[in-house]
Amino acid sequence: MAEKVKGKNGKTVEQVAHQAAVQQEINARIIASRNAEDDKKGKKKVDPSKMTIYEYEQRYVKRENVRGAKFILWFAAGLIGVFLLFVLVSVFLKVYEINEYIGYGVGAVSLLIYIFVFIVPLIKILKTGYFVTNVNAYTASKAKRHNKKLRHNIAKKIIDLTAKVDGVGWYDSETVGKLAISLHSGDEEGVKMNLTSLYTGSVKRSAKQLIFKSSLKSAMYSALSQTSTVDSALVVLVNMQLIKDLVFLYGFRPSDSKLVKIFIRVIQNALIAYGLGSMQIGNGVVKTMGEAVRGIPLLGSAIAALVDSSVQGLTNGTLTTVIGFQTIKYMNDEYKLQNILDGIEIAETPEELKEACAELEKEIKKEHRRGKKAPVAA
């Protein structure tokens, strides 16, 4: 029997063809999804097999100041920290007025909460890598190299976590096994295919479970506290913890500009929670909100059952759900974009460059000859 022809990477022609077909199918599905959305908006469809970096730039890239986005991100994080510190100090002062020694105890606990439940998650979020998708023809190659390295880091982290932590249950073990084989063998298309399978399957389910637990936690804590200052602090802490957990689950965070929007939403949620304590809402309005919230994913009757006891719990749980879904939407969108970007050929081959230069030289000589033959005006 004749041996199968192998390429430089040790793979057979059939294996290479199969992998190429799989990746083409993945990209086609991503573009098909985009095209379906664009049909509703009346936008022109894109053929992924013919997309250039310039078409990618025109379609997906938005102008943004990278340094400005990073500054605003730190500013938004600072606002959250200042607000939370204000709330914790307010609670400390109220308790201190009642009892000096208990006040000191509350102050010490508040400081530990601020450090370990806010500062530590914030640092973990900001230190996590993100995919670079807002690129142009000059920065695309560098972004592709960065994204490839990040994909490998994500794959290693998922494989390591699945192997070392028993019962984590976040990732499908069979897909993780295939991911490990692809990573070990240097099969880049296999790495992307299995990561995509995880993100559209077990990771998506795990993310929804995390959102549900955090939303329920936020609602129940608020229902028990019945204090606007405590409610607002709880909203900040639960929201930041949820964002950190989702980032850890996915292995990457949203880009700076998207994370700014998420942090601004956290501030809005905290301010809403802080203002709810002074609002007088009739029981009929509360029950109406309870019926409406049943249509929100993951809340269901568990949150609606709290309506009669606390509108704060209902609202804060809903706001936490919004934060969670907003976070995973941004991460899913940017993962899809980096996948599309990776399939685009950025640089021309030496042959194409040589051909373009020869064509240019030919045209210049032609124009030069025309100039010499042109009659001189009297």
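Salt bridge Asp333/Lys258: absent, no basic N to carboxylate O contact under 4.0 Å. A salt bridge is absent between Lys148 and Asp342: the closest approach of a Lys/Arg side-chain nitrogen to an acidic carboxylate oxygen does not fall below 4.0 angstrom. Electrostatic pairing of Asp160 and Lys156 does not count as a salt bridge here, judged by no charged N lying under 4.0 Å from a carboxylate O.
Residues Pro121 and Phe116 are not in side-chain contact: their nearest non-hydrogen atoms beyond the backbone lie 4.5 Å or more apart. The shortest distance between side-chain heavy atoms of Val266 and Ile243 falls below 4.5 Å. Looking at Leu319 and Ile323, their side chains never come closer than 4.5 Å, going by heavy atoms from C-beta outward. At a threshold of 4.5 Å between non-hydrogen side-chain atoms, the residues Phe118 and Ile80 count as touching.
For NZ of Lys157, the number of neighbouring non-hydrogen atoms (other residues, nucleotides, ligands) closer than 6.0 Å is greater than 12. Within 6.0 Å of atom CD in Gln58, 12 or fewer heavy atoms from other residues, nucleotides or ligands are found, so the atom counts as exposed in its surroundings.
Val106 and Tyr101 are assigned to two separate hydrophobic clusters, defined by single-linkage of ILVMFWY side chains at heavy-atom distances under 4.5 Å. Linking ILVMFWY side-chain heavy atoms closer than 4.5 Å, directly or via other members, places Val322 and Phe212 in two distinct hydrophobic clusters. Cluster annotation: Phe71 is connected to Ile125 through the hydrophobic network of ILVMFWY side chains, with a link wherever side-chain heavy atoms come within less than 4.5 Å. Tracing side-chain contacts under 4.5 Å through hydrophobic residues (I, L, V, M, F, W, Y), one never reaches Val66 starting from Leu337; they form parts of separate clusters. Linking ILVMFWY residues whenever their side-chain heavy atoms come closer than 4.5 Å, directly or via other members, leaves Ile272 and Val82 in distinct clusters.
Here the OH-CG distance, from Tyr114 to Leu237, works out to 10.5 Å after rounding to the nearest 0.5 Å. Atom-to-atom distance recorded for Asn194:CG and Thr175:OG1 is 6.5 Å, nearest 0.5 angstrom. For the atom pair NZ (Lys213) and NZ (Lys208), the distance works out to 15.5 Å, reported to the nearest 0.5 Å. Rounding to the nearest 0.5 Å places CD1 of Ile158 at 5.0 Å from OH of Tyr171. From Ile159, atom CD1 reaches atom NE2 of His184 across 11.0 Å, with rounding to the nearest 0.5 Å. Taken to the nearest 0.5 Å, the CG atom of Leu88 stands 5.0 Å off from the OG atom of Ser110.
Residue pairs meeting the ring pair (Phe, Tyr, Trp, His ring centres under 6.0 Å) criterion with at least one partner in residues 189-211, sequence neighbours excluded, are Tyr199-Tyr250, Tyr199-Phe252, Tyr199-Tyr335. Listed by first and then second residue, the side chain to side chain donor-acceptor pair (under 3.5 Å) pairs that reach into residues 259-270 are Asn239-Asn269, sequence neighbours excluded.
A donor-acceptor contact closer than 3.5 angstrom links the side chains of Gln326 and Tyr330. For the residue pair Ser255 and Glu334, a side-chain donor N or O sits within less than 3.5 Å of a side-chain acceptor on the partner. Side-chain contact, Thr320 with Ser215: no donor N or O sits under 3.5 Å from an acceptor N or O.
Judged purely by atom type and a 3.5 angstrom limit, Ser214 has no side-chain atom pairing as donor or acceptor with the backbone of Ile211. A donor-acceptor pair is defined here as one N or O able to donate and one able to accept, closer than 3.5 Å; no such pair exists between the side chain of Glu97 and the backbone of Lys94. A donor-acceptor pair is defined here as one N or O able to donate and one able to accept, closer than 3.5 Å; no such pair exists between the side chain of Arg253 and the backbone of Gly129. Side-chain atoms of Asn134 come within 3.5 Å of backbone atoms of Lys62 as a donor-acceptor pair (strictly under, hydrogens ignored).
Scanning both residues, Gly324 and Leu242, for their nearest heavy atoms gives CA-CD2, 3.8 Å. When all heavy atoms are compared, the tightest approach of Leu126 to Phe263 is CD2-CE1, 4.4 Å. Closest approach of Ser218 and Gly317 over heavy atoms only: OG-N, 4.1 Å. Of all heavy-atom pairs spanning Leu161 and Trp170, the tightest one is CD2-CE3, 4.1 Å. Pairing each heavy atom of Ala143 with each of Leu341, the nearest pair is CB-CD2, 4.3 Å. The minimum heavy-atom distance between Lys192 and Asn339, with the atom names listed, is CD-OD1, 3.6 Å.
With sequence neighbours left out, Asn136 forms a side chain to side chain contact (heavy atoms under 4.5 Å, CB included) with Glu57, Tyr138, Thr139.
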Taking it one step at a time, do Ile119 and Ile123 satisfy side chain to side chain contact (heavy atoms under 4.5 Å, CB included)? CA-CA 6 Å; Ile119 296 295; Ile123 292 174; 3.8 Å; yes
So Thr133 and Tyr56, side chain to side chain contact (heavy atoms under 4.5 Å, CB included) or not? Walk me through it. CA-CA 10 Å; Thr133 58; Tyr56 174 91; 3.6 Å; yes
With side chain to side chain contact (heavy atoms under 4.5 Å, CB included) as the criterion, how do His152 and Glu188 come out once you've worked through the C-alpha distance, each side chain's angles and the decisive distance to 0.1 Å? CA-CA 9 Å; His152 283 204; Glu188 191 63 30; 2.6 Å; yes
Would Val247 and Lys124 count as a side chain to side chain contact (heavy atoms under 4.5 Å, CB included) here? Give the steps. CA-CA 9 Å; Val247 166; Lys124 288 183 177 180; over 6 Å; no
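When Val238, Thr321, Val235 are each tested for a side-chain contact (heavy atoms from CB on, under 4.5 Å) with Asn316, only one passes: Val235.
Taking the six-membered ring for Trp and thresholds of 30 and 60 degrees, Phe92 and Tyr96 have ring planes inclined between 30 and 60 degrees apart.
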